[in-house]
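Below: the structure, in structure tokens.
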Amino acid sequence: MHDIKWIRENPEAFEQAMLRRKLSGTGQKAIELDKSRRDHVAKLQELQTQRNDASKAIGKAKSQGDEVAAQAAIAKVADIKQTIKTGEEAERELTKALNDYLLELPNIMFDDVPDGADEDDNIEMHKVGTPKTFDFEAKQHFDIGEGLGLMDFEAAAKMSGSRFVVLKSELAQLERALANFMLDLHTLEYGREEVVVPLLVNENALYGTNQLPKFEADMFKTTDGKYLISTSEVSLTNLVRETTLNEADLPVRYTSYSNCFRSEAGSAGRDTRGMIRQHQFSKVEMVSVVHPDKSEAEQLLMLEAAELVLSRLGLAYRVVKLCTGDTGFGAKRTFDLEVWLPGQNMYREISSVSTCGDFQARRMSARFKPTDSQGAKKGAQFVHTLNGSGLAIGRTIVAILENYQTADGSVEIPKILQPYMGGKTLIKSK
RNA sequence: GGAGAGGUGGCCGAGUGGUCGAAGGCGCACGCUUGGAAAGCGUGUAGGCGGUUUUCCCGUCUCGUGGGUUCGAAUCCCAUCCUCUCCUCCA
């Protein structure tokens with residue numbers, strides 16, 4: 001969420017920033033809403049002052065036993081009452097109108113985010129590894145998985161419908177091995193705190209990480225008004241909701257292995273086969289809560305960690321910087337990691353690392369108290385939040401199947417994962 | 001799910017309609033005291049919004065949250081969320 005004061009003081013800059021999001025006139029609209037609210041509040045406060053003065057006079061008169069003066073003051077204030085009541089209602093409405101509007105405005109992107117319409121305009125930053133080729137025709141992951149008899153979409157469809165999968169034996173084990181491998185990397189080498197989070201959250205949490213109000217359709221809602229998280233970014237970031245941290249506590253670095261649930265309402269027809277796009281998938285997530293001066297560096301650190309996961313798995317990938325049209329609602333800048341999939345013969349997104357500035361922190365009131373050079377604490381400021389996948393497990397399984405497939409349909413197990421798979425080196429075709 | 005209790009400032013805790021944003025204590029900050037420290041003494045110590053304008057001040061709102069009653073609500077009423085205890089259920 002944006003600081004209305006900042007919009008007020010920098011209307012041109014704000015307009016320019018929103019134009020990059022294909023939105024025009026937003027700043028002006030916000031300022032109008034704010035202006036009518038403030039004008040109203042000023043008037044209302046004037047009335048409240050009158051009422052309060054009169055009420056104090058009543059109290060004073062009563063305590064002195066001067067009933068006549070008290071009655072006079074009561075009469076005087078009686079007609080202000082109704083005006084104030086309607087005025088307070090109007091204030092609530094005006095405040096809500098402004099707030100609702102601000103909640104729907106996307107974050108301001110960094111200047112270095114390239115202009116562009118969609119993913120075709122993303123900028124490739126660098127490539128690592130050589131895309132794998134085979135002297136046989138590379139299969140897609142679902143053919144490999146089904147061929148192994150360890151990936152069952154039909155069984156999943158019977159009980160759950162489309163976009164679910166059942167993994168068995170070594171593939172089920174692979175899921176667990178990947179989670180452990182990734183969590184070890186993030187906790188042992190990057191000092192992240194491992195967290196088990198709620199998968200079901202209330203709507204406030206989702207306003208905080210900006211899934212709401214705009215993207216309700218992407219989520220599953222329970223009958224009692226809760227939502228299944230679409231990413232554990234939601235739960236991890238909300239750990240600092242409504243808190244004021246000490247500056248010395250920063251940075252806070254979390255990681256979590258969790259299931260994620262997406263209704264993917266708008267993606268019918270895309271990636272209908274296989275595990276690329278599922279209603280339920282698992283992911284190891286990174287979330288950092290940092291001092292505003294440190295968020296640039298933190299995003300690079302997160303990116304590095306995600307890259308390390310891929311390179312240790314021996315997977316070729318590239319890093320792209322998302323263009324304006326592809327950058328998410330809450331992000332100031334996003335880097336995607338795309339892994340090479342021989343079966344699809346293309347790079348596919350496997351991780352996304354975003355910095356949100358204070359956009360989410362404002363929404364969930366996550367602040368810290370700065371300490372000056374004398375050690376004295378000054379007023380609270382908003383923290384910066386970042387999130388990144390490290391990595392999406394389902395898609396990592398896809399990548400391993402396609403990159404480590406062999407001519408006879410077996411799949412080699414990447415060296416780094418073998419200790420996590422009981423020393424196994426190969427998932428044998430039956 | 002049933003019954004009960006409770007949610008007050010950084011913390012503990014008073015306050016059941018009137019000058020209460022709120023006693024007292026703890027903590028913290030500054031000062032005095034001291035060779036230094038402790039103790040002691042003194043002073044100060046919530047946040048949001050708006051105005052003024054900036055290092056001073058004023059107004060307003062905030063005692064879980066949202067409504068209501070009232071000239072006036074931390075105090076009364078309603079709803080709601082959360083916590084605790086007991087029962088039930090259960091992994």
Side-chain angles (χ1 to χ4, degrees), chain A residues 1-9 30-103 196 198-208 212 222-227 235 238-249 259 358 361-383:
Chain A
M1 183 152 82
H2 298 290
D3 181 4
I4 183 63
K5 271 190 217 161
W6 191 88
I7 298 176
R8 211 149 66 201
E9 287 159 14
I31 288 168
E32 277 167 22
L33 288 168
D34 176 52
K35 174 108 173 71
S36 51
R37 181 185 160 270
R38 283 195 300 153
D39 288 348
H40 181 78
V41 165
K43 280 186 226 154
L44 179 62
Q45 289 193 353
E46 172 58 28
L47 289 169
Q48 287 169 328
T49 304
Q50 288 177 29
R51 181 202 61 194
N52 290 345
D53 288 347
S55 292
K56 277 180 189 168
I58 293 164
K60 197 172 178 183
K62 288 229 177 193
S63 68
Q64 289 169 355
D66 187 346
E67 197 57 33
V68 178
Q71 287 306 323
I74 287 172
K76 183 180 163 194
V77 95
D79 60 325
I80 301 179
K81 194 191 151 186
Q82 189 54 39
T83 316
I84 286 181
K85 189 177 171 187
T86 53
E88 284 175 340
E89 274 166 29
E91 185 196 344
R92 280 194 291 277
E93 281 162 21
L94 290 167
T95 300
K96 187 173 187 312
L98 173 63
N99 217 37
D100 287 353
Y101 188 67
L102 289 177
L103 282 169
V196 175
L199 305 182
L200 224 40
V201 299
N202 62 32
E203 61 173 17
N204 287 336
L206 290 160
Y207 274 97
L212 291 179
T222 65
T223 51
D224 63 346
K226 291 187 169 63
Y227 295 83
S235 309
N238 273 284
L239 285 171
V240 294
R241 151 177 290 275
E242 288 161 45
T243 60
T244 303
L245 299 156
N246 292 314
E247 184 167 1
D249 297 334
N259 284 109
D358 64 7
R362 264 177 211 291
R363 288 173 164 247
M364 63 176 75
S365 185
R367 298 176 300 167
F368 74 100
K369 271 220 187 328
T371 310
D372 67 18
S373 50
Q374 275 82 44
K377 286 175 180 174
K378 295 178 292 186
Q381 294 176 26
F382 290 108
V383 295

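Each chain gets a letter, A, B and so on, in the order its sequence line appears, and its residues count up from 1. The basis for the numbers below is simple: all heavy atoms, side chains too, and nothing from hydrogens, waters or symmetry mates.
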What distance, rounded to whole Å, do you find between the two [atom1] atoms, one in [N] and one in [M]?
| N | M | atom1 | result |
| --- | --- | --- | --- |
| G15(B) | C71(B) | C1' | 23 Å |
| G24(B) | G9(B) | C1' | 13 Å |
| U85(B) | C28(B) | P | 31 Å |
| C12(B) | A22(B) | C1' | 15 Å |
| U80(B) | G21(B) | C1' | 25 Å |
| C11(B) | A23(B) | P | 16 Å |
| U52(B) | G59(B) | C1' | 11 Å |
| A39(B) | G27(B) | P | 8 Å |

What is the distance, to the nearest angstrom, from the [atom1] atom on [X] to the [atom2] atom on [N]?
| X | N | atom1 | atom2 | value |
| --- | --- | --- | --- | --- |
| Glu9(A) | U53(B) | CD | P | 16 Å |
| Glu88(A) | C49(B) | CD | P | 19 Å |
| Arg362(A) | C49(B) | CZ | P | 10 Å |
| Leu94(A) | C49(B) | CG | C1' | 14 Å |
| Asp39(A) | U60(B) | CG | P | 19 Å |
| Asp3(A) | G50(B) | CG | P | 9 Å |
| His40(A) | C49(B) | NE2 | P | 18 Å |
| Lys35(A) | C49(B) | NZ | C1' | 16 Å |

Which residues share a side-chain contact (heavy atoms from CB on, under 4.5 Å) with [X], sequence neighbours left out:
| X | result |
| --- | --- |
| Ala205(A) | Val201(A), Asn202(A), Val234(A), Asn238(A) |
| Thr86(A) | Gln82(A) |
| Glu46(A) | Gln50(A) |

Looking at [N], I'd like to know if its phosphate oxygens (OP1 or OP2) sit under 4.0 Å from a side-chain N or O belonging to [X].
| X | N | value |
| --- | --- | --- |
| Arg38(A) | G51(B) | yes |
| Asn52(A) | C61(B) | yes |
| Arg37(A) | G50(B) | no |

Who pairs with [X] by side-chain hydrogen bond (donor to acceptor under 3.5 Å, both in side chains), at least two apart in sequence or on another chain?
| X | value |
| --- | --- |
| Thr222(A) | Asp224(A) |
| Asn52(A) | none |
| Arg367(A) | none |
| Lys81(A) | none |

(request) Kindly give the heavy-atom pair with the smallest separation between Pro198(A) and Ser235(A), and that separation in Å. (result)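 Of all heavy-atom pairs spanning Pro198(A) and Ser235(A), the closest is O-OG, 2.8 Å.
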(request) Compare all side-chain heavy atoms of Arg362(A) with those of His2(A) and state whether any distance is below 4.5 angstrom. (result)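 Not in contact.
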(message) I'd like to know if the side chain of Arg363(A) reaches the main chain of Tyr207(A), judged simply by a donor and an acceptor atom lying under 3.5 Å from each other, with no hydrogens or angles considered.
(response)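 Judged by distance alone, yes, a pair lies under 3.5 Å.
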(message) When you measure from the side chain of Arg8(A) to the backbone of Ala30(A), do you find a donor-acceptor pair of N or O atoms at a distance under 3.5 Å?
(response)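 The answer is no, because no donor-acceptor pair under 3.5 Å joins these two groups.
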Just the table, please: protein N/O against nucleotides 77-84 of chain B N/O, every pair under 3.5 Å.
none

(request) Answer with base, sugar-phosphate or nothing: what part of the nucleic acid does Asn202(A) contact at a heavy-atom distance below 4.0 Å? (result)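 Result for Asn202(A) = nothing.
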(message) Classify Arg8(A) by what it touches in the nucleic acid, base, sugar-phosphate, or nothing, heavy-atom distance under 4.0 Å.
(response)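 Since only primed, P, OP1 and OP2 atoms lie under 4.0 Å of Arg8(A), the category is sugar-phosphate.
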(message) Can you tell me which nucleotide in G67(B), G47(B), C71(B) comes closest to the side chain of Ile74(A)?
(response)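 When the side chain of Ile74(A) is considered, C71(B) is the closest of G67(B), G47(B), C71(B).
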(request) Name the closest nucleotide to the Glu89(A) side chain, picking from G68(B), C49(B), U70(B). (result)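 For the Glu89(A) side chain, the nearest candidate turns out to be G68(B).
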(message) Run the salt bridge (charged side-chain N to carboxylate O under 4.0 Å, His left out) test against Asp249(A) and tell me which residues pass, sequence neighbours left out.
(response)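 By the salt bridge (charged side-chain N to carboxylate O under 4.0 Å, His left out) rule, Asp249(A) matches no residue at all.
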(request) Give the stems involving RNA chain B, where a stem is 3 or more consecutive Watson-Crick or G-U wobble pairs (i with j, i+1 with j-1, and so on) under 3.5 Å. (result)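 When the pairs of RNA chain B are grouped into runs of at least three, the stems are B:1-7 with B:81-87, B:10-12 with B:24-26, B:27-32 with B:40-45, B:46-51 with B:57-62, B:64-68 with B:76-80.
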Contacts table for residues 35-43 of chain A: side-chain donor-acceptor under 3.5 angstrom, sequence neighbours left out:
from, atom 1, to, atom 2, distance (Å)
Lys35(A), NZ, Asp39(A), OD1, 3.2
Lys35(A), NZ, Asp39(A), OD2, 2.9
Ser36(A), OG, Glu32(A), O, 3.1
Ser36(A), OG, Leu33(A), O, 3.1
Arg37(A), NE, Thr95(A), OG1, 3.0
Arg38(A), NE, Asp34(A), OD2, 3.3
His40(A), NE2, Gly87(A), O, 2.7

(request) Specify the residues of residues 41-51 of chain A, ordered by number, for which at least one heavy atom lies under 4.0 angstrom from an atom of RNA chain B. (result)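 Hits under 4.0 Å, by residue number: Gln45(A), Gln48(A), Thr49(A), Arg51(A).
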